[in-house]
Amino acid sequence: MDPDFLNVFTQPATLNQFLAENVIAQGEKKKLIKPTSSNNAKLEELKLTQRSALQLSGAPTTGLKAELLIDWINTTLKEEHIVVKSLEEDLYDGLVLHHLLENLGSLKLDVDKIALTEKKQRQKLSVILEAVAKCLQLEESQLKWSVESILAKDLLSTLHLLVAIAKHFKPNLAMPSNVQVETITIENTSRGLKTANAVEYITENKENLEAQSKGDAFDELFSRAPDKLDAVKKVFLQFVNQHVGKLGLNVKDIESQFADGVILLLLIGQLEGYFLNLRDFFLTPASTTEMLHNVNLALDLLTDGGLLNFSVNSEDIVNGDMKATMRILYCLYSKYKTKET
């Protein structure tokens with residue numbers, strides 16, 4: 001067993017309880033919020049939401065701190081007499097999500113309001129989450145939740161889903177920025193439990209966004225030192241070919257050869273040491289949609305691996321934006337520049 005797995009927990013009893021509540025089958029992988037994040041003040045602020053529950057009962061609100069998600073849902077569904085107390089326990093069956101989407105987006109979902117069996121709940125969630133993805137114009141590779149994770153009362157997935165819905169339908173909702181949690185990804189392999197630790201942002205990392213908006217080294221490079229651009233490109237090309245060369249690939253042009261996401265995915269796989277299933281991406285993408293799918297998958301892998309902590313528009317990569325592509329390559333180069341082939 002990976003020793004990092006044990007270090008996540010402060011008491012043996014916590015570990016036993018965790019394993020009892022989260023059975024991970026052979027070959028299965030789960031990403032969870034570490035127990036050490038349970039006292040995260042910003043996380044609790046996000047879970048609580050826009051107005052205090054006191055407002056729902058008509059009590060005076062002077063001096064109340066504007067908080068977030070549970071109260072936002074309760075305020076939105078007040079007329080329907082729906083009261084949410086726990087995000088994990090009250091949203092998994094789709095009932096609250098159904099009412100919320102119909103109320104916020106005037107969406108008419110062709111499913112029963114109440115689903116009593118697990119089979120019906122899974123079917124209901126499938127319809128609801130498909131409607132969310134369509135409404136938010138998200139590809140499957142961009143989704144940070146699934147039917148199974150919501151049904152399993154996964155808090156991380158539920159938070160990502162609610163934040164995405166809130167940002168789309170209520171962009172003025174005063175969500176706290178920089179809400180992050182420590183996560184652990186646990187995979188049950190034939191050799192035992194394999195784990196990976198990371199920090200994941202649930203709401204926008206405004207510090208990184210602001211830093212990016214003010215410019216970075218690549219802005220300086222392109223605007224003030226274009227004479228050095230070729231030298232930097234040469235370093236990146238050497239780095240890339242050092243690792244994808246053994247796959248029989250040779251990259252000569254950063255601007256065009258990364259646009260479809262294929263080489264980027266293969267490079268990430270080589271550096272991170274895992275195999276990418278050919279069913280998960282398009283090896284020979286034939287359309288912009290397929291290229292976007294590949295690039296979005298690559299960005300998700302970088303984010304999950306803790307290598308990407310700033311916002312990237314996948315369309316910029318597909319359109320051959322040199323600066324955006326070089327920023328992505330630098331994320332990999334800065335970590336793996338000394339890695340042996």
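Keep in mind that the numbers below use all heavy atoms, side chains included, and drop hydrogens, waters and symmetry copies. Quick note: residue numbers are just sequence positions, from 1.
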message: Please report the interatomic distance CG(Asp260) to OG(Ser287), rounded to the nearest 0.5 Å.
response: 11.0 Å
query: Which residues pass the side chain to side chain donor-acceptor pair (under 3.5 Å) test with Asp154, sequence neighbours left out?
result: Ser157
- prompt: Backbone N or O of Lys85 within a donor-acceptor pair of the Asp90 side chain at under 3.5 Å?
  reply: yes
query: Which atom names give the shortest non-hydrogen contact between Ala324 and Asp316, and what distance separates them?
result: CB-CB, 3.9 Å
query: Could Arg122 and Glu118 be called an ion pair, given the rule that one side-chain N must be under 4.0 Å from one carboxylate O?
result: yes
- request: In sequence, state the C-alpha distance, the side-chain angles, and the governing distance for Phe258 and Leu329, and then conclude on side-chain contact (heavy atoms from CB on, under 4.5 Å).
  value: CA-CA 10 Å; Phe258 284 93; Leu329 291 177; 3.7 Å; yes
task: Give the intermediate values and the outcome of side-chain contact (heavy atoms from CB on, under 4.5 Å) for residues Leu161 and Leu97.
output: CA-CA 10 Å; Leu161 174 62; Leu97 288 172; 3.9 Å; yes
- prompt: For Leu278, what residues pass the side chain to side chain contact (heavy atoms under 4.5 Å, CB included) criterion, not counting sequence neighbours?
  reply: Phe281, Leu283
Residue pair His243 / Gln270, side-chain donor-acceptor N/O under 3.5 Å: no
task: Mind checking side chain to side chain contact (heavy atoms under 4.5 Å, CB included) for Thr117 and listing every partner two or more places apart, or none if nothing turns up?
output: Lys119, Lys120
message: Please report the interatomic distance CG(Leu100) to CD1(Ile73), rounded to the nearest 0.5 Å.
response: 6.0 Å
Residues forming a side chain to side chain donor-acceptor pair (under 3.5 Å) with Ser146, sequence neighbours excluded: Ser149
Check: Asn294 and Val262 side chains under 4.5 Å, non-hydrogen atoms: yes
Within-4.5 Å side-chain heavy-atom neighbours: Val312 and Arg327: no
message: For the CG atom of Asp93 and the CG atom of Leu116, what is their distance to the nearest 0.5 Å?
response: 9.0 Å
- line: The salt bridge (charged side-chain N to carboxylate O under 4.0 Å, His left out) partners of Glu139 (sequence neighbours excluded) come to none
- prompt: Any side-chain heavy atom of Ile165 sitting closer than 4.5 Å to one from Trp72?
  reply: yes
- prompt: Got a second to check how far Leu307's CG is from Leu301's CG, nearest 0.5 Å?
  reply: 10.0 Å
- prompt: For the atom pair CD (Gln121) and CD1 (Ile150), what is the distance rounded to the nearest 0.5 Å?
  reply: 13.0 Å
message: Using side-chain contact (heavy atoms from CB on, under 4.5 Å), reason through Val147 and Ile128 one step at a time and then give a plain yes or no.
response: CA-CA 9 Å; Val147 171; Ile128 290 172; over 6 Å; no
- prompt: Excluding sequence neighbours, so at least two apart, what forms side chain to side chain donor-acceptor pair (under 3.5 Å) with Ser314?
  reply: Asn296
message: I'd like to know whether Leu332 forms a side-chain contact (heavy atoms from CB on, under 4.5 Å) with Leu264, so could you lay out the CA-CA distance, the side-chain angles of the two residues, the decisive distance to 0.1 Å, and finally the verdict.
response: CA-CA 10 Å; Leu332 292 164; Leu264 184 57; 4.2 Å; yes
statement: Sorted by chain and residue number, the salt bridge (charged side-chain N to carboxylate O under 4.0 Å, His left out) partners of Glu89 (sequence neighbours excluded) come out as Lys153
query: Who are the side chain to side chain contact (heavy atoms under 4.5 Å, CB included) partners of Asn319, not counting sequence neighbours?
result: Glu315
- prompt: Counting distance only, does the side-chain N/O of Gln257 pair as donor-acceptor with the main-chain N or O of Lys252 below 3.5 Å?
  reply: yes
field: Pairing residues for Leu143 by the side chain to side chain contact (heavy atoms under 4.5 Å, CB included) criterion, not counting sequence neighbours
entry: Ala133, Leu138, Trp145
List, one per line, each side-chain donor-acceptor pair under 3.5 Å for residues 234-241, sequence neighbours excluded.
| unit_1 | atom_1 | unit_2 | atom_2 | d |
| --- | --- | --- | --- | --- |
| Asn241 | OD1 | Val251 | N | 2.6 |
| Asn241 | ND2 | Leu237 | O | 3.1 |
| Asn241 | ND2 | Val251 | O | 2.9 |

- prompt: Counting N and O atoms only, with roles assigned by atom type, does the side chain of Glu272 sit under 3.5 Å from a partner on the main chain of Ile268, one being a donor and the other an acceptor?
  reply: no
- prompt: Could you give all pairs that pass the salt bridge (Lys or Arg N to Asp or Glu O under 4.0 Å) test and reach residues 275-290, with sequence neighbours left out?
  reply: none
- line: ring-ring contact (aromatic ring centres under 6.0 Å, His included) filter on Phe282, not counting sequence neighbours, yields His293
message: Once rounded to the nearest 0.5 Å, what's the spacing between atom CG of Leu125 and atom CD of Gln123?
response: 10.5 Å
